[in-house]
Amino acid sequence: MADCITCKNKNCLINKNSTDPRLADFLKNKHTIKCKKSQQFIMEGTPAHGLFFAYEGKVKVVKTGVNDREQIVRFAKDGEIIGHRGGFGSSKYYSISAQALEDSTLCYFSKEDLKNILLNIPKLTFDFMLFYADELSESETRVRKLAQMSVRERVIDTLLFMDRKFGSTDQLLNIRLSRKDYADYSGTTEEQVIRILSTLKKEGLLNAKGRKLGILDFETLQNEISKHTYSPNS
DNA sequence: CCATTAAGAGTGT
DNA sequence: ACACTCTTAATGG
């Protein structure tokens, strides 16, 4: 596989700093992991040895709650980090699980290597800090939405989010999720999601080809949740 | 390629 | 939430 310097994922924090000569040895220690669809590669509560980056593919990050109810915490695509703390911080264990949503390729760095470069390359550390700050901000916005939006609003918000994150082609979202996944991200049950999706279809706001969903009327959907999205963060 | 089966979607209660 | 039906995807010959 391509090395970090020539990597296509220009948004990756490692790629952005890959020309720094001090990174050369570190980059040699990168591992590449192939992951089949549905394969879980981080298990919550398991000792953390490092940090993953999605090289290619899509991943969901999940936190398990009571009665095995799952909450999808975030999604990751090309160039993005999975397992934010990766064991180089205070906790020795992963606080989340991660599962591939499609066949994916992951890059992996050990926590020792990571610690080393974070302590020695300020620019990279600064980029990480900015990234974490943005993530925290987004996470805060999500807390508010989960608390204040109605179920229907949360489902709509999730649909719009999927379009922003993964894009659409031919009026179909470029991601394939089960209704359960939509529920686990929106903080509802599968049945609720199914019902809301089918009413959205009847209202002509949503499109479905097979299992794929497509947004037909962005404006109406946007308007319906606009009172929650006046703030700078989506 | 088609048939069988498993997984997921949808609906009524 | 559960039970049931219908649809779609996966498997294997």
Side-chain angles (χ1 to χ4, degrees), chain A residues 32-46 52 54-78 80 82 94 96-106 142-143 145-225 228 234:
Chain A
T32 299
I33 294 157
K34 294 257 177 194
C35 231
K36 276 176 261 155
K37 183 183 173 182
S38 307
Q39 193 178 331
Q40 191 174 340
F41 59 93
I42 298 179
M43 271 236 269
E44 192 171 345
T46 263
F52 293 87
Y55 172 72
E56 222 166 29
K58 301 183 181 72
V59 167
K60 70 174 173 184
V61 177
V62 174
K63 233 175 150 48
T64 310
V66 276
N67 302 126
D68 286 328
R69 262 196 81 185
E70 296 195 321
Q71 177 65 48
I72 296 179
V73 178
R74 80 181 84 251
F75 291 87
K77 61 172 195 291
D78 304 0
E80 295 178 343
I82 304 138
Y94 287 114
I96 47 82
S97 300
Q99 190 180 345
L101 292 167
E102 53 188 51
D103 292 355
S104 301
T105 307
L106 309 169
R142 240 176 92 59
V143 170
K145 285 179 173 178
L146 284 171
Q148 299 181 354
M149 283 179 157
S150 69
V151 177
R152 178 176 155 118
E153 286 167 342
R154 296 204 295 272
V155 173
I156 290 173
D157 189 56
T158 299
L159 290 168
L160 292 170
F161 168 78
M162 292 307 163
D163 176 73
R164 257 179 285 132
K165 175 118 195 165
F166 298 104
S168 300
T169 48
D170 281 332
Q171 304 228 317
L172 290 175
L173 292 171
N174 294 329
I175 185 170
R176 261 258 306 233
L177 294 173
S178 67
R179 310 289 142 135
K180 171 95 172 9
D181 285 331
Y182 280 105
D184 289 346
Y185 189 69
S186 309
T188 346
T189 61
E190 187 181 358
E191 290 96 323
Q192 293 243 59
V193 167
I194 287 172
R195 291 194 152 92
I196 288 163
L197 290 181
S198 67
T199 62
L200 289 176
K201 272 188 262 175
K202 280 176 203 148
E203 289 169 313
L205 306 174
L206 197 69
N207 191 12
K209 266 211 181 77
R211 232 152 246 181
K212 273 207 161 193
L213 297 174
I215 297 171
L216 289 178
D217 190 340
F218 283 89
E219 214 186 321
T220 306
L221 292 174
Q222 210 87 250
N223 282 339
E224 191 167 335
I225 60 163
H228 298 280
S234 44

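Note on naming: letters A, B, ... go to the chains in the order of the sequence lines (proteins, then strands), and numbering restarts at 1 for each one. Because the structure is a prediction, the values reported are computed rather than measured. We use all heavy atoms of the structure for the numbers below, so side chains are in, but hydrogens, waters and symmetry mates are not.
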Taking atom [atom2] of [N] as reference, at what distance in whole Å does atom [atom1] of [X] sit?
| X | N | atom1 | atom2 | value |
| --- | --- | --- | --- | --- |
| A/Lys36 | C/dA10 | NZ | P | 15 Å |
| A/Lys202 | B/dT11 | NZ | P | 6 Å |
| A/Ile194 | B/dA7 | CD1 | P | 17 Å |
| A/Glu190 | C/dC2 | CD | C1' | 13 Å |
| A/Gln192 | B/dT11 | CD | P | 15 Å |
| A/Lys201 | C/dT7 | NZ | C1' | 11 Å |
| A/Leu200 | B/dA9 | CG | C1' | 15 Å |
| A/Arg179 | C/dT8 | CZ | C1' | 11 Å |

Identify, between A/Arg195 and A/Lys180, the residue whose nearest nucleotide on DNA chain B lies closer to the 5' end. A/Lys180

Compare the minimum distances between each of C/dA1, C/dT8, B/dG10 and the side chain of A/Arg211, then state the nucleotide with the smallest one. C/dT8

So if I take every side-chain heavy atom of A/Ser178 and compare against C/dA9, B/dG12, B/dA9, which nucleotide ends up nearest? B/dA9

Taking the six-membered ring of A/Tyr185 as reference, does the cationic atom of A/Arg142 (NZ for Lys, CZ for Arg) lie under 6.0 Å from its centre and within 45° of its axis? yes

Determine whether A/Phe41 and A/Ile33 make a side-chain contact, defined as any pair of heavy atoms from C-beta on separated by less than 4.5 Å. no

Contact check, side chains of A/Tyr182 and A/Ile196, non-hydrogen atoms, under 4.5 Å: no

Can A/Glu190 and A/Arg179 be counted as an ion pair, charged N to O under 4.0 angstrom? no

For A/Arg152, is there an ion pair with A/Glu224 - N to carboxylate O distance below 4.0 angstrom? yes

Side-chain N or O of A/Ser198 less than 4.0 angstrom from OP1 or OP2 on B/dT11? yes

What's A/Lys212 touching, base or sugar-phosphate or nothing? Going by heavy atoms closer than 4.0 Å. nothing

Would you classify A/Glu191 as touching base, sugar-phosphate or nothing, given that sugar-phosphate means primed atoms plus P, OP1 and OP2, and contacts are heavy atoms under 4.0 Å? base

With DNA chain C as reference, determine whether A/Thr189 or A/Lys37 sits nearer its 5' end, using the nearest nucleotide of each. A/Thr189

